[in-house]
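Let me begin by presenting the structure, written as structure tokens, before commenting on it.
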Amino acid sequence: DSGVTQTPKHLITATGQRVTLRCSPRSGDLSVYWYQQSLDQGLQFLIQYYNGEERAKGNILERFSAQQFPDLHSELNLSSLELGDSALYFCASSYFWQGGTDTQYFGPGTRLTVL
Amino acid sequence: ELKVEQNPLFLSMQEGKNYTIYCNYSTTSDRLYWYRQDPGKSLESLFVLLSNGAVKQEGRLMASLDTKARLSTLHITAAVHDLSATYFCAVEVAGNMLTFGGGTRLMVKP
């Protein structure tokens, strides 16, 4: 158990809908990262937050957005869902956002299925 | 754009044998990570390699980093069934963002 929690574990929804994925980082970690894992794209970095502020953006679609709240939990919002958005979404956390021997610890993931 | 390539993508090996997984990356980075993923599960951190020539070992796994060649290896010694999983290397770029390789699916047969 990495100490990173994600809810829900599974989510099934229809095309065009909007969902919110939630992540709580390890105690003391200030950075949260979101990744998408799919068969065709592999593991891709989406976005990073550090202490409430966006720090880095990867291959995140405009239909997707995220935020980190004062208690450091984070939410990833996916809207206008398409079949191709079906994937495993991971949240990871670390203490520092830059430098050091700062390993990212991954949560159990949320499996999103868009029908 | 940073590219991270692993090979092989799939590896079937007998218990007791040795093998090496390779991770090549396209731009300069001094930090490389290895993760393990069991089917349907999360990613478990195995090693963090921080500098050229770094070598780390845990049990039957040993990882090394050659930043000049932009190459990391994960060596498996005397494989056992419990090592069956998918192994990912990931290279750190600015802001602690990780770029992952495609993964190597390892199957160890008795």
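On a predicted model such as this, the values are computed, not experimentally measured, just so you know.
- Counting only residues at least two apart or in different chains, salt bridge (charged side-chain N to carboxylate O under 4.0 Å, His left out) contacts with residues 26-41 of chain A comprise R26(A)-D29(A).
- Atom CD of Q37(A) is separated from atom CZ of F100(B) by 8.5 Å, given to the nearest 0.5 angstrom.
- Cluster annotation: V80(B) is connected to L106(B) through the hydrophobic network of ILVMFWY side chains, with a link wherever side-chain heavy atoms come within less than 4.5 Å.
- Grouping the Ile, Leu, Val, Met, Phe, Trp and Tyr side chains by contacts below 4.5 angstrom, directly or via other members, places W34(A) with V114(A).
- L71(B) and Y33(B) are not part of a single hydrophobic cluster, where members link through side-chain heavy atoms under 4.5 Å apart.
- Contact annotation for Q41(A): neither backbone nor side-chain heavy atoms come within less than 4.5 Å of a heavy atom of chain B.
- Looking at E1(B), there are no atoms closer than 4.5 Å to chain A (heavy atoms on both sides), in backbone or side chain.
- Other residues, nucleotides and ligands place no more than 12 heavy atoms under 6.0 Å from the CD atom of E5(B).
- Nearest heavy-atom pair across S42(B) and P108(A) is CB-CA, 3.8 Å.
- Around atom CG of L39(A), no more than 12 heavy atoms belonging to other residues, nucleotides or ligands sit under 6.0 Å away.
- L50(B) and M62(B) are not part of a single hydrophobic cluster, where members link through side-chain heavy atoms under 4.5 Å apart.
- Of the options F90(A), Y105(A), F106(A), a ring-ring contact (aromatic ring centres under 6.0 Å, His included) to Y35(B) is made by F106(A) and by none of the others.
- Y19(B) and L46(B) fall within the same hydrophobic cluster, where Ile, Leu, Val, Met, Phe, Trp and Tyr residues are linked whenever their side-chain heavy atoms come under 4.5 Å apart, directly or through other members.
- Rounding to the nearest 0.5 Å gives a distance of 3.5 Å between OH of Y35(A) and CG of L98(B).
- Note that OG1 of T103(A) and CD of E92(B) are 9.5 Å apart. Values are rounded to the nearest 0.5 Å.
- Contacts of residues 76-86 of chain A with chain B at a heavy-atom distance below 4.5 Å are absent; not one residue qualifies.
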